[in-house]
2 protein chains.
Amino acid sequence: MSKAANTRLNILHKAFELIYTKGYQTTSIDEIIATTQVTKGAFYYHFKTKDEMGVAIIEEILKPTMQENFIKPTKTAQNPVEDFYNMISYLLLEDPFLQVKYGCPVGNLTQEMTPWNNKFSEALAELVDLWKTTIINSIENGKESGLIRKDVVGEQVAFFILSGYWGIRNFGKLQNDNSSYLVYLKELKSYLNGLK
Amino acid sequence: MSKAANTRLNILHKAFELIYTKGYQTTSIDEIIATTQVTKGAFYYHFKTKDEMGVAIIEEILKPTMQENFIKPTKTAQNPVEDFYNMISYLLLEDPFLQVKYGCPVGNLTQEMTPWNNKFSEALAELVDLWKTTIINSIENGKESGLIRKDVVGEQVAFFILSGYWGIRNFGKLQNDNSSYLVYLKELKSYLNGLK
DNA sequence: GCTTTTTCATACTAATTAGTATTTTTTATG
DNA sequence: CATAAAAAATACTAATTAGTATGAAAAAGC
């Protein structure tokens, strides 16, 4: 990787971490360049505006991460019900990057930037749609293989699961401990079993 | 109501509307006093800081509203399953103040202010706990009257319902139309029926 | 009516913000 | 090596921010 591409990625990564923990609006460019040890000239060489950087984070950091962690695994998936539970459980309890008190990066950005910034909205909507579609496909597969009831509606379940995930992430932020996660996961398991 | 108390409430109401639509951090005091037609002197007479005003909004605007709309109605509740559905459905589709594109005021504030502002966290946690407890009580009543299965765990269901609500509100913001609400509500009904 | 306290108005400050203008250094290319 | 282009460094600006200092008007108490 060229040195220039490296500084660019460095900015994106560090900025993402700051934004994840502090929020987008309250993370200043001065703060970003201070933690990246990059000057303002370099920053604005790579990004025309702060918002352009924000969208780049979504497309170049969040999207690939999601592809890798959520989309790819379902290709080799066997049992949708178990897979969904494991996916959510992993994200809530085990993912090494995500922290209870900071919530879900995608959820945070969605909450903060929509409906005021169209570029953000579009980039985030694309992400979420990708995830949603993956879940729907998984459910359809499950219906064909007989692991899921035929009358289950994939889109409904997808919205239900993802909404619950975003919501409980917000509860986690509020309470700053994962006890709510544990309670939630029990009910999620019960709900998912109802799809069989 | 005295004139002073009136200006105070006026500030709280207008500020709340601005914060609901724009977010807390991006709503400036200058903007608040401009829309309220109140001077900075008056503002800082009533509130020592912006954050103090923010907490006052939670306690003096959001809390009473929630009491009136969520807590009170359950006193005369008959069927928990139907009541939950109607409550969420009303909030999503019919409440005259709430708008799809602006999400849930409590959810928004939680997302934006936790875990960085303890005062906000505490005030919000109190609110949410109130709502949660109400749901749990309602479920216990339902279990006694035989409308809900005995093996249903109230706390789990409460978290599940509230999480879903917060989450789908975020979806609404993202898409800026209520189509996701409609899909979500169908699955919610299906889930709630499973509690019978 | 006079005084005190409450309530509000005006003008300011110091810090922070995103972004720019300009120059310098580094890298690529012939 | 020479030159051009890419990448980065420095110093600045104009606007916005929360909050303050100080004084004036309104209301309350006697």
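Only a predicted model underlies this, so the values are computations on that prediction, with no experimental measurement involved. Lettering of chains follows the sequences in order, A, B, ..., and the numbering in each one begins at 1. What you see below is based on every heavy atom in this structure, not just the backbone, and it leaves out hydrogens, waters and symmetry mates.
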Checklist outcome for this item: Which of D/dA27, C/dA18, D/dT17 is nearest the side chain of B/Asp30? It is D/dT17
Checklist entry - For A/Phe47 and C/dA18, what is the distance between atoms CZ and C1' respectively, to the nearest whole Å? => result 15 Å
Item to check | Rounded distance in Å - NZ (B/Lys50) to P (D/dT16) | outcome: 15 Å
Checklist entry - Expressed in angstrom and rounded to an integer, what is the separation of A/Ile32 atom CD1 from C/dT16 atom C1'? => result 14 Å
Checklist outcome for this item: Nearest-nucleotide check on DNA chain C, A/Thr26 vs A/Lys48; residue mapping nearer the 5' end is A/Thr26
Next on the checklist: From CD1 of B/Ile11 over to C1' of D/dA18, roughly how many Å is that when rounded to an integer?
Outcome noted: 15 Å
Next on the checklist: Can you tell me if B/Lys189 has over 12 outside heavy atoms packed within less than 6.0 Å of its NZ?
Outcome noted: no
Checklist entry - Between B/Gln25 (CD) and C/dT17 (C1'), how many Å, whole number? => result 14 Å
Checklist entry - Do A/Glu60 and A/Arg8 sit within salt-bridge range, that is, some charged N less than 4.0 Å from a carboxylate O? => result yes
Item to check | Salt-bridge present (B/Lys63, B/Glu59; N to O < 4.0 Å) | outcome: no
Checklist outcome for this item: Quick note, A/Thr39 side chain, CB onward, closest among D/dT10, D/dT17, D/dT20 is D/dT10
Item to check | Distance in angstrom units between A/Tyr44 OH and C/dT17 P, rounded | outcome: 11 Å
Next on the checklist: Does a side-chain N or O of A/Tyr45 approach OP1 or OP2 of D/dA8 to a distance below 4.0 Å, or not?
Outcome noted: no
Item to check | Selected nucleotide, minimal atom distance to A/Ile29 side chain, candidates C/dT7, D/dG19, C/dA18 | outcome: C/dA18
Checklist entry - Less than 3.5 Å between a donor and an acceptor, one on the side chain of B/Lys40 and one on the base of D/dG19, is that the case here? => result yes
Checklist entry - Given atom CD1 of A/Ile33 and atom P of D/dA11, what is their separation to the nearest angstrom? => result 13 Å
Checklist entry - The side chain of B/Ala42 lies closest to which of these nucleotides: C/dA18, C/dC8, D/dA18? => result C/dC8
Checklist entry - When all nucleic acid strands are considered with a 4.0 Å heavy-atom cut-off, which category describes B/Ser2: base, sugar-phosphate, or nothing? => result nothing
Checklist entry - When you check the phosphate oxygens OP1 and OP2 of D/dG19, does a side-chain N or O of B/Thr49 lie under 4.0 Å from one of them? => result no
Item to check | Greater than 12 external heavy atoms within 6.0 Å of B/Glu94's CD | outcome: yes
Checklist entry - Is any NZ, NE, NH1 or NH2 atom of the basic residue among A/Asp177 and A/Lys101 found under 4.0 Å from an Asp or Glu carboxylate oxygen of the other? => result no
Item to check | Whichever of A/Tyr24 and A/Gly41 has its nearest DNA chain C nucleotide further upstream toward 5' | outcome: A/Tyr24
Next on the checklist: Does C/dT6 have its OP1 or OP2 closer than 4.0 Å to a side-chain nitrogen or oxygen of B/His46?
Outcome noted: no
Item to check | Phosphate OP1/OP2 of D/dT16: any B/Ser28 side-chain N/O under 4.0 Å | outcome: no
Item to check | Stacked cation flag A/Lys50 on A/Tyr24, 6.0 angstrom / 45 deg | outcome: yes
Item to check | First of B/Lys3 and A/Val38 reached from the 5' end of DNA chain D, by closest nucleotide | outcome: A/Val38
Item to check | Rounded distance (Å) that lies between atom P of D/dT16 and atom NZ of B/Lys22 | outcome: 12 Å
